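Nothing here was measured: the structure is a model prediction, and the numbers come from that model. The chains referred to below are lettered A, B, ... by the order of the sequence lines, with proteins before strands, and numbering in each begins at 1.
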Amino acid sequence: MAYTTHEIHRIEEKWQEIWRQRKIFNAQMDSAKEKYYVLEMFPYPSGKIHMGHVRNYTIADVIARFKMMQGRNVLHPMGFDAFGQPAENAAIKNKVDPAQWTHGCIDQMRQGLKRMGFSYDWDREISTCDASYYRWNQWIFLKMFERGLAYRKASSVNWCGGCETTLANEEVIQGQCWRCKSEVVQRKLDQWYLRITAYNEALLEDLKKLSRWPQRVVTMQENWVGKSHGVNIFFKVKDREDILTVFTTRADTIFGATYIVLAPEHPLVEELVKGTPDEKEIMAFIQKVANESKSLRVCGDKKKEGISTGRHAVNPVNGEVIPIWIADYVLMEYGTGAIMAVPTHDQRDFLFAKEYQLPMRIVIQNPAEPGIKEQDLTYAYEGDGVLVHSAQFSGLSNVRAVEKIGEWMSANPPAWIGETSPDKSQGDLSRRGCHVMGKVSVHWRLRDWLISRQRYWGTPIPMIACDRCGIVPVPEKDLPVVLPENIKITGQGGSPLNYCAEFVNVLCPRCHKSARRETDTMATFFDSSWYYLRYCSACDERQVFDKKEAAYWMPVDQYVGGIEHAILHLLYSRFFTKFFKDLGWVNFDEPFIRLLTQGMVLKDGEVMSKSRGNTVDPDDVIERYGADALRLCILFAAPPEDQLEWSDSAVDGSWKFLNRLWHLVENRYVPASGNMGREAMDQADKDLERARHTAIKKVTEDISEGYKFNTAISSLMILMNEIDRYHNAAGNAMPTGGQTMKQVLLNKAIRTVVLLLSPFTPHICEELWEKMGGCEESIVRVPWPAYDKDALQQDLVQIVVQVNGKLRGRCEVRPQITEEEIKELVLADAKIQGFLQGRPLRRFIYVPGKLANVVVEEG
RNA sequence: GGGCAAGUGGUGGAAUGGCAUACACGCAGGACUUAAAAUCCUGUGGCCGUAAGGCUGUGUGGGUUCGACUCCCACCUUGCCCACCA
């Protein structure tokens, strides 16, 4: 029977059906067995699966099947991240119901995944848009609310005009909406936040436990949480009682501070400029900056703009009076929204000072330009050096001064104490903690997570606003707050739920008078922050997840997904896990032990995407070559973490290889019995056995150590080549139907290829295994083969001979040969002698089993 | 501006201190065929040479080493991430 396209489809469908019927991939908790949880980032159901999905899920599937064969109890679930904007956009554009559209996409996607033959436990499938799932979102939200981790606050938020909704900091990329790329602007709004910053220390500290995550993801998270050590310095406003707190990591430059800059949004600004001659002009400037888009404001190349307040501040270390400015380059979101400017040692301050002709003073000597004057500077010196013009700290290295000055400021009163009048201000200031110059402090970059979205297709936030009782949570017994259907979605006028009277108008759970339901929905990243826990007991209707099941299955042993989630999703998931630990629902700190970020799939050097129009439909490939060839091709073409350049001819190659394997079993596999001891083997037999064991070793190590599927597959190709060679050489000794020992060895090698290849191309391997008389219910139940060290031994090894590091010959020796013996052998060799040209031997290096290097005088 | 990753034949890639280019694609030649496809065999970094063989060769320049694709320093290029973060 030929391995035709028709035959491939029959085989693939046959085995997919068998897996389903025999429940091969249904996971059961079994404390007697060691578990293994392998998980892929679940897809957004946008329709058909694309090559990115195929790659992601094929990688994880190989791992899952490999672990199954190694005897682990494997949990490998799949589901759909089904809430989100595309469904709403489709509703606006095509006038279809988001729920209907989403379910259509899910069906299509599920079918695509099944066609690939992935080893999912479909009984655990979840969809985040089902009330059976999102009710637990609401439950979690209530638990967070109880503990003060979910709160409502009015503040300036990121607003995307394109999506007509708010965005989390993490969703703003270069000042633009991560989804639609619209400019993000700031708006004052009352919104729901999650207090992720309560965990900032743990989110940073526990990164140390993630030794099996890619370093760059850990670094990205580290930078995002952004802990910086520095000093809060208290500057008093001259002739007023106000204190301006500035944060700096460069306390060593405090004596070089020549002006103060406030962010335009700084709360003290209005107060400070009130009644001053330039008030109007200043307020106009602030308004102008406020109207600017975030990306423009945050662009580093932009000319820095500012305006003087006319007010002055007193430097606590020396009583120096310096001007207070307002400028767009200082951001309210970071630090205290106020900085001390040191133009000589900070490039931003330098540019600003040049622009507005503000004074500067050098306080760190640049060793490359000693004695340079302030007016001759062309850039700020940000490097290390010795302090000058810094009172008692002059002469100290700036690195040490950072610490020393911080300590000194924390322990001593400011210069203006006692100098200010009237006297009563002193007591007032001390009460505010300003009896010292500054305070060593830590600032974080991480902000609380804004989760309100003015969208329809998401989890309703389970809160009710009552005029009498304030914000009241929906009682647990009333969950879920079901998302109403048949809503008109126009894409305009804010949250569509606002217009749904039966949803909005409710009775207050506390006073039972009329009240209004919250109409914002949760950001969809909420849904995906805990779905891995839900899979542990996906059908449990009584609780968010089963503690016992989660204790058994969690944490996820291997997580596979795209690098694009390196910050958002992974950070949020880590936060939720820590929250569940505090709730007492889990007993571990981190959800994902090992993380693999697969590379992108490219076509003609560009990322494959719908908008570029360079996609290759996996379905078309399956139609022509089958799922196995597609899987093999995508695994063989590149290591999983690298970018993968799609090429049609590569599938052709995989298909040819599977064909060869098919015909190998069809034509060369002849049932035979018996066993051949090593002593009875000739050289060819030993070589075949060695090739077989080498392949077992290599494939096992390549899969488990670095997920080097491409080299694992190539070693199987090598074994196949060896089998062909062996068969051709042994032709005469192997008559058709022969019961010879050669046939036994050959069969063994063929069975090994099929077993080792089965995680990569499961359908064809199941079929061939069955043909060869395997009687297990599935090949994943066959134990993974082990290799024998003795069989790897060679009787003779080839040694490379070098003269002065250059390859000059080879020799075959016993592996046990001593250095003395080989030295004698090499030096006696006529060819080597020719290269030595009689020069005296200086050194002889022997790397056992590999190489000998004769070192003589050059020339 | 900062961080990370990468740079190897015509192509995808292999080798992490010891034979550079495994394995595959492509290409060329051959076998089979009336022919084509498929399949099988052989060859395939560059230069010189009929050959044996020699020289050269992993982005560039230096260094360490008996020996460097691999380690160190500097630079160039590309990709990704972050970015007026005080």
Side-chain angles (χ1 to χ4, degrees), chain A residues 2 173-175 214-220 222-224 226-228 230-231 233 246-250 253 261 263 297-304 327-331 333-342 345-349 351-352 382 443-445 563-564 566-567 597 599-600 602 605 607 632-633 636-639 641-654 656-657 659-660 663 708 710-718 720-721 724 728 798-810 842-856 858:
Chain A
I173 310 295
Q174 306 244 307
Q215 185 52 49
R216 63 185 187 131
V217 176
V218 172
T219 308
M220 280 160 74
E222 210 172 273
N223 292 338
W224 191 264
K227 184 179 193 177
S228 54
V231 185
I233 304 178
V246 310
F247 174 69
T248 183
T249 54
R250 293 294 305 271
T253 62
V261 190
R297 167 102 183 258
V298 145
C299 172
D301 306 328
K302 182 181 162 284
K303 201 171 195 181
K304 298 172 192 348
D328 58 355
Y329 78 99
V330 175
L331 307 174
E333 298 99 88
Y334 188 75
T336 59
I339 62 152
M340 62 172 202
V342 185
H345 306 294
D346 182 294
Q347 187 62 18
R348 292 158 300 177
D349 297 344
L351 292 174
F352 190 78
E382 295 179 337
H443 279 260
W444 300 84
R445 218 190 76 111
I563 186 76
E564 67 273 18
I567 295 174
T597 50
M600 300 216 176
L602 311 182
V607 176
L632 189 68
C633 149
F636 183 59
E641 311 218 52
D642 290 7
Q643 294 190 332
L644 183 148
E645 173 71 38
W646 177 263
S647 102
D648 293 325
S649 61
V651 204
D652 228 38
S654 298
K656 270 192 217 164
F657 174 73
N659 250 287
R660 257 181 85 196
H663 290 113
K708 295 185 273 185
N710 55 334
T711 50
I713 292 166
S714 83
S715 64
L716 285 170
M717 291 173 169
I718 292 171
M720 281 254 288
N721 293 345
D724 271 353
N728 293 343
Q798 202 177 63
I799 300 289
V800 169
V801 182
Q802 297 182 331
V803 173
N804 285 351
K806 269 194 182 158
L807 176 69
R808 293 303 184 191
R810 305 153 200 282
R842 278 180 32 186
R843 237 175 123 172
F844 185 83
I845 285 149
Y846 176 55
V847 183
K850 275 189 179 160
L851 162 146
N853 188 9
V854 184
V855 184
V856 292
E858 286 287 353

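The residue A:G226 sits apart from the nucleic acid: no heavy atom pair falls under 4.0 Å. No engagement by A:R842 is indicated, since no non-hydrogen atom pair under 4.0 Å with the nucleic acid exists. Here A:V342 lies out of heavy-atom contact (under 4.0 Å) with every strand. A:V855 comes within 4.0 angstrom of sugar-phosphate atoms only, judged by non-hydrogen atoms across all strands, and of no base. Using a 4.0 Å heavy-atom cutoff across all strands shown, A:I718 reaches sugar-phosphate atoms only and no base atom. Looking at heavy-atom distances under 4.0 Å, A:T249 makes contact with sugar-phosphate atoms alone, never a base. Residue contacts shown for A:N721 are limited to sugar-phosphate atoms, with no base heavy atom under 4.0 Å away.
With A:Q802 contributing its side chain and A:L851 its backbone, the two residues share no donor-acceptor pair below 3.5 Å. The closest donor-acceptor contact from the side chain of A:T597 to the backbone of A:I563 lies at 3.5 Å or more, if one exists at all. Judged purely by atom type and a 3.5 angstrom limit, A:N804 uses its side chain to pair as donor or acceptor with the backbone of A:V856.
Using P as the reference atom, B:C69 and B:U56 are 13 Å apart when rounded to the nearest Å. Between the C1' atoms of B:C81 and B:U11, the separation comes to 29 Å (whole Å). With P as the reference atom, B:G17 and B:C71 are 8 Å apart, rounded to whole Å. A gap of 9 Å separates the P atoms of B:U39 and B:C25, to the nearest Å. Comparing B:A6 with B:C48, their C1' atoms sit 35 Å apart, to the nearest whole Å.
A straight line from CG of A:L807 to P of B:U56 spans 13 Å, rounded to a whole angstrom. Going from atom CD1 of A:I567 over to atom C1' of B:C80 covers 12 Å, rounded to whole Å. Going from atom CG of A:N804 over to atom C1' of B:G18 covers 15 Å, rounded to whole Å. The separation between A:R843 atom CZ and B:G67 atom P is 9 Å, rounded to whole Å. Going from atom CG of A:D652 over to atom C1' of B:U39 covers 14 Å, rounded to whole Å. Protein atom CE of A:M600 is 11 Å distant from nucleotide atom C1' of B:C81, rounded to whole Å. Rounded to an integer number of Å, the gap from CG of A:N853 to C1' of B:U65 is 11 Å.
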Which parts of nucleotides 1-16 of chain B does protein reach within less than 4.0 Å, heavy atoms only, written one letter per nucleotide 5' to 3' as B for base, S for sugar-phosphate only and - for none? --SS-------BSS--
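Just one of A:V800, A:V803, A:V801 meets the side-chain contact (heavy atoms from CB on, under 4.5 Å) condition when paired with A:R808; it is A:V803.
Side-chain nitrogen and oxygen atoms of A:R445 include none within less than 4.0 Å of the OP1 or OP2 phosphate oxygen of B:C82. A sub-4.0 Å separation between OP1 or OP2 of B:C55 and a side-chain N or O of A:R808 is present. At B:A20, none of the side-chain N or O atoms of A:K806 fall inside 4.0 Å of OP1 or OP2 (strictly under the cut-off).
Here the shortest heavy-atom pairing between A:E382 and A:Q347 reads OE2-N, 2.7 Å. The shortest heavy-atom contact between A:G805 and A:N853 is N-OD1, 3.0 Å.
When each of A:I563 and A:I339 is assigned the nucleotide of RNA chain B with its nearest heavy atom, A:I563 is the one assigned upstream, toward the 5' end. Between A:S228 and A:D724, it is A:D724 whose nearest contact on RNA chain B lies nearer the 5' terminus.
Pair check for B:U77 finds B:A6; Watson-Crick or G-U wobble, both atom distances under 3.5 Å. Nucleotide B:C55 has B:G46 as its partner under the Watson-Crick or G-U criteria, with both atom distances under 3.5 Å. Nucleotide B:U39 forms a pair with B:A31, judged by Watson-Crick or G-U wobble geometry with both contacts under 3.5 Å. Across all strands shown, B:A14 forms no Watson-Crick or G-U wobble pair with both distances under 3.5 Å. The partner of B:C71 is B:G63, judged by Watson-Crick or G-U wobble contacts that both fall below 3.5 Å.
In the set B:G18, B:A24, B:A83, B:G18 carries the atom at the smallest distance from any side-chain atom of A:L851.
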